[in-house]
Amino acid sequence: MGRISLRLFGLLGAGLLALCAAYATLVLSSATWAEARSLDQVFPFYTWHIQDFTAQEFANIRNALAVSAVLLAGISATLAASRICRQEISALAAEVAQSAKGLLKGLKELTTAECRVAFWSFVGLTAIRLYFSIYNPEYDDAVSYEVFVSKGLLATAAYYPIPNNHVFSNTISLLFYQLSPGFWWSMRLPVLLISTAATGFLFAALLRRASFVVALVATSLFCWLQLSLYHAGVGRGYWLLIWLAGIVFFSMVELLAERGRHRAAWASILVAGVVGCYTIPTFVYVLASTFSWLSLAFLRRERRGQLVPLIMVGALIGVATAVLYAPLLLVSGLRIFARNGYVETLAPGVFWPLLPGYLWHNEGFLAGQRTLGPLITLPVLALIGWMFYQARAGKLPANMAMRLRQVGLPALWFISLPYAAILVQRVFPPERVLLYKAFYFFILAGLVVEWVLWQWPVPAHRWPRRAMLTLAGLFALYETFSVVRVNPTARGSNANYHAGLVWLAANPPGRVLIPEPTHNLFFRFYAHTEQRNRNWQIDYQQLGNSRYDYVVAFPNKRGYFQPKFNFPPVFQNPDVEIYRVPQNYNLQTRAWMR
């Protein structure tokens, strides 16, 4: 099987599937059937409902996964006991260790000046990320916290009312939640740590394959991108996807090296592929780019034998991912997972007229500015084309031509291939889904910067370096300002919701009716994160003839819940009205119209 033995491949596959089946068993064992059936009540405003499944079906799936985990673990242990597999495992461990040493070696070989630049760039980036992590208003990650993470493992891994549940990222947050239930500690600290580790990996991995200039430019510009800064400061799974995509990309590059660490590369693609698909399903764009590039490279180099492990790795990723998602597919169903509004195929008459605008604005946003960003993208791509022409003509230095070929070409493929998939799907993924792609564009930008500095070297020509430093500084300032600019509205609304909850907490306890979804979510969220010692009774609809002490609504008859009381609110701000209901008031017959 080329550079990986069949036995080692079987051992890795059986072991990985055993772990996936054991995890899925743990998910279904973390709650009873009755608790699984009650997941609709976690946030009952959704019109979607979980699937019907009996207690026996629930137990059968759980038991089948448990048995599979044991059998696969047995197969893995049996394979590991053989002499050949022990040798292969030792060789794999040695390659992994060598890869880690290779990353560190590149960092150790930096000059003092390069270390200083890299260190202070990293410190500045981490500081601004920490600031946004603390001060960005709660939004999507508040939903993840309140609807999934705080409700336990089954809700986190199996409840999927909207594609907001980034399952693996929320599972990591669930682990942090066990240490401290605070919002920042459980939702934002994990993504801050992940983005920090991913940044170090991307820089070190690119430094090993290119030069300091390319690694610094690509990593810095990508990390200061508005979307990158934002998602490094909020509890979602996109930076985890970026990290895993980087592992897959550089493993792919390693596989194409004649003397590469192929065992470690295959194992990395396998593990990162499964974890990536479980993080966000759109990781299939990364895998499609990887597998298509490797297929073309193997065929061109007449290494058809390596198509076999490639196919097997792809099949294993698919099976292992399906096993991980088994609890979700049982509880929530395939339809909400595969046919929600984010992946629904558009009609040709809708898709094709909107495609040019989508391409322009999406690539613009991924280059730094939604409208003007393509004015960065197009010149970089044009200059990369010119560099390829120069390389073919033998007019580039050998090391620069090699980097262009080994890193630039696959980076260009990673940028382009997702659009082929989009054309087939006829969907318009949000920019954040394709954020990982921007790193590979900035690799090309780094190669261009390196070429410019070679064309006009210092000290004879200082202006290119000064000009590029100035442009980089302006880019970082603009991107930072762009994140700050989008925060005030959400922060103001959140402050209003928070003020309403604080008012309730300062008044006598009582039953609260909150029929508006946004109010209900944020009031529960702030009650959960800041007022955990109080026993709150918050309902989303009137239960029978229940009496309520407080009713929460939007001011000015906004929203679908529009109460008509003959008494004024006791608390009001631009987003919240709170009514104190008199004891003798018949809420059921006189409260509101819908």
Side-chain angles (χ1 to χ4, degrees), residues 31 34-51 138-152 154-156 158-162 164-165 183 331-332 336 493-494 496-505 507-532 534-565 569-573 575-581 585-594:
E35 289 170 331
R37 292 297 306 150
S38 67
L39 284 175
D40 274 337
Q41 298 307 308
V42 169
F43 197 62
F45 296 96
Y46 297 123
T47 56
W48 167 90
H49 298 287
I50 63 172
Q51 293 195 126
E138 305 90 357
Y139 188 57
D140 285 333
D141 51 356
V143 179
S144 294
Y145 177 91
E146 185 58 30
V147 177
F148 307 115
V149 173
S150 64
K151 300 302 183 290
L154 185 70
T156 300
Y159 183 48
Y160 201 78
I162 53 175
N164 186 50
N165 189 4
F183 173 72
V331 173
S332 298
I336 190 64
S493 297
N494 288 4
N496 291 334
Y497 303 142
H498 182 260
L501 190 280
V502 169
W503 185 91
L504 285 174
N507 281 270
R511 198 164 187 169
V512 186
L513 178 65
I514 311 182
E516 283 287 352
T518 304
H519 284 149
N520 194 285
L521 173 71
F522 276 96
F523 272 61
R524 286 177 180 273
F525 169 72
Y526 288 122
H528 191 175
T529 54
E530 299 181 13
Q531 303 288 339
R532 297 175 62 85
R534 178 164 174 168
N535 185 22
W536 292 92
Q537 293 180 292
I538 298 176
D539 291 340
Y540 74 98
Q541 66 178 6
Q542 187 172 4
L543 302 179
N545 292 320
S546 299
R547 184 191 173 278
Y548 292 90
D549 298 281
Y550 305 99
V551 176
V552 179
F554 277 113
N556 303 320
K557 301 296 183 288
R558 285 154 47 200
Y560 84 93
F561 173 62
Q562 300 176 0
K564 293 189 175 181
F565 293 121
V570 291
F571 175 87
Q572 186 174 30
N573 65 34
D575 290 292
V576 176
E577 280 184 348
I578 301 178
Y579 296 88
R580 193 196 306 271
V581 183
Y585 192 83
N586 188 343
L587 185 64
Q588 186 177 24
T589 59
R590 298 176 57 189
W592 61 80
M593 295 192 322
R594 292 190 181 180

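Remember, predicted model here, so these are calculated numbers, not experimental data.
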Any donor-acceptor pair under 3.5 Å from [X] side chain to [Y] backbone:
{"X": "Ser332", "Y": "Tyr160", "value": "yes"}
{"X": "Gln572", "Y": "Pro555", "value": "no"}
{"X": "Tyr46", "Y": "Asp40", "value": "no"}
{"X": "Trp536", "Y": "Phe523", "value": "no"}
{"X": "Ser150", "Y": "Glu146", "value": "yes"}
{"X": "Gln541", "Y": "Pro515", "value": "no"}
{"X": "Arg524", "Y": "Ile538", "value": "yes"}

Which pairs pass salt bridge (charged side-chain N to carboxylate O under 4.0 Å, His left out) with one or both residues in residues 544-560, sequence neighbours excluded? Arg547-Asp549, Arg558-Asp575

Do [X] and [Y] come within less than 4.5 Å of each other through their side chains, counting heavy atoms only?
{"X": "Tyr550", "Y": "Phe571", "result": "no"}
{"X": "Tyr548", "Y": "Leu543", "result": "yes"}
{"X": "Val551", "Y": "Phe561", "result": "yes"}

What are the two closest heavy atoms between [X] and [Y], and how far apart are they?
{"X": "Arg580", "Y": "Pro508", "answer": "NH1-CD, 4.4 Å"}
{"X": "Asn573", "Y": "Asn496", "answer": "ND2-O, 3.1 Å"}
{"X": "Ala155", "Y": "Phe148", "answer": "O-CD2, 3.6 Å"}
{"X": "Ile578", "Y": "Val552", "answer": "CG1-CG2, 4.2 Å"}
{"X": "Glu138", "Y": "Tyr526", "answer": "OE1-OH, 3.0 Å"}
{"X": "Val149", "Y": "Thr156", "answer": "CA-OG1, 3.6 Å"}

Rounded at 0.5 Å granularity, tell me how far [atom1] in [X] sits from [atom2] in [Y].
{"X": "Tyr497", "Y": "Leu521", "atom1": "OH", "atom2": "CG", "value": "9.5 Å"}
{"X": "Leu513", "Y": "Gln537", "atom1": "CG", "atom2": "CD", "value": "12.5 Å"}
{"X": "Phe183", "Y": "Tyr145", "atom1": "CZ", "atom2": "OH", "value": "8.5 Å"}
{"X": "Glu35", "Y": "Gln41", "atom1": "CD", "atom2": "CD", "value": "14.0 Å"}
{"X": "Leu501", "Y": "Phe522", "atom1": "CG", "atom2": "CZ", "value": "12.0 Å"}

Kindly assign one of parallel, tilted or perpendicular to the pair Tyr540 and Phe45, based on the angle between their ring planes and the thresholds 30° and 60°. perpendicular

Should the pair Phe554 and His519 be assigned to parallel (<30°), tilted (30 to 60°) or perpendicular (>60°) ring geometry?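 Because their plane-to-plane angle lies in the 30° to 60° range, the rings of Phe554 and His519 count as tilted.
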
Stepwise ring pair (Phe, Tyr, Trp, His ring centres under 6.0 Å) check, Phe43 with Tyr159: CA-CA 10 Å; Phe43 197 62; Tyr159 183 48; 9.0 Å; no

Would you say that more than 12 heavy atoms from the other residues, nucleotides or ligands in this model lie under 6.0 Å from the OH of Tyr139, or not?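 Open: at most 12 neighbouring heavy atoms sit under 6.0 Å from OH of Tyr139.
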
